[in-house]
Amino acid sequence: MKEASFVKKTEAFLKKLDFDVVKKSFVFDDLDSTNSTAKDLAKAGGTEGAVVIARIQSHGRGRFERSWESPEGGVYLSLILRPSVPRQNTSLLSFVAALAVTKSINTYGVHATIKWPNDVRVNGRKIAGILLESEGEGPTINYVVVGIGINLAIDLKKLSADLQTRSTSLVNEVHHMVDYHEFLRTLFMTFEHYYTVFEEQHFGEIIDEWKTYSDTLGKSLRVRTMTETLQGTAVDVDQSGFLLLWTASGETKKILSGDCLYFDELDHT
Ligand code: BTN
């Protein structure tokens, strides 16, 4: 889609939608990062259920301070949410987002799976990522920004050489064009469904369904956390989203956040 028409078409499309998670929208042609803009809006009091969307990002951000390359053809959006659940459950929103993205992609007849906690992949190659950023005090959530990046119709050659070998794009998997706005509709509808389950605090339901799409359980892997690197077998993901890793020393470690590397696909990490 050309730059000039992207903003107009997307604004017009969003106006016709009736989803609580996208009551308000901010659409840009070129932004540094939709998450950064969404955080600024949230801090300034932006309402629950606002979405920031950009055609391209110049400084897209990923987990662990990595960058997220954002050429044209991708979906780059951030939702501003103020859920009324205890703050300790906030991280489950990344499972909500991973489920919604995976299910939306799978409506196109591909088999996307989730690598704990929220890397969405097709045939072992990353197709989407999720970045959660939040602020709160004590048990209260001030805001959560759920950033979603999806390689929908990007030209993989526009990615850096290193990323090209481990990424894919939906059009490369289905071999035909995918309508950007139709995809957004499916994504918002699916997200809204799981967000309602989340707000009703049926966290177990989310994790149980997440497990049916995940390829992590049973795998031998290495997990890099902020503080250490652990190796072992992924035995479970508990109802709070913690990965339970059975290590060589016979201990089961509970990991809240990290980056997994599967030993059986060391070339695709
Ligand atoms: C990851 O897998 O590391 C997470 C990537 C998240 C990228 C998205 S793109 C939209 C939003 N804005 C950003 O700057 N990042 C997220």
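Order of appearance sets the numbers: ligands from 1, and atoms from 1 within every ligand. Since this is a predicted model, take the numbers as computed values, not measurements.
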| said: For Glu137 and Asn142: C-alpha separation, side-chain torsions, deciding distance, then whether side chain to side chain contact (heavy atoms under 4.5 Å, CB included) applies. | reply: CA-CA 7 Å; Glu137 275 144 45; Asn142 180 8; 5.6 Å; no
Pick out the protein N or O atoms lying less than 3.5 Å from any N or O of ligand 1, and list each pair with its distance.
unit_1	atom_1	unit_2	atom_2	d
ligand 1	2 (O)	Lys126	NZ	2.6
ligand 1	3 (O)	Arg63	N	2.7
ligand 1	12 (N)	Thr34	OG1	3.0
ligand 1	12 (N)	Asn35	N	3.4
ligand 1	12 (N)	Gln57	OE1	3.0
ligand 1	14 (O)	Ser33	OG	2.7
ligand 1	14 (O)	Arg61	N	2.7
ligand 1	15 (N)	Arg61	O	2.7

| said: Tell me if the centroids of the rings in Tyr180 and Phe6 come within less than 6.0 Å of each other. | reply: yes
| said: With side-chain contact (heavy atoms from CB on, under 4.5 Å) as the test, pick out the partner of Phe198 among Thr90, Leu81, Leu92. | reply: Leu92
| With a 3.5 Å cut-off and no angle check, do the side chains of Glu11 and Ser25 form a donor-acceptor pair? | no
| Exercise: do Glu173 and Asn123 side chains pair donor with acceptor under 3.5 Å | yes
| request: Check whether more than 12 heavy atoms from other residues, nucleotides or ligands sit under 6.0 Å from atom NZ of Lys43, and answer yes or no. | output: yes
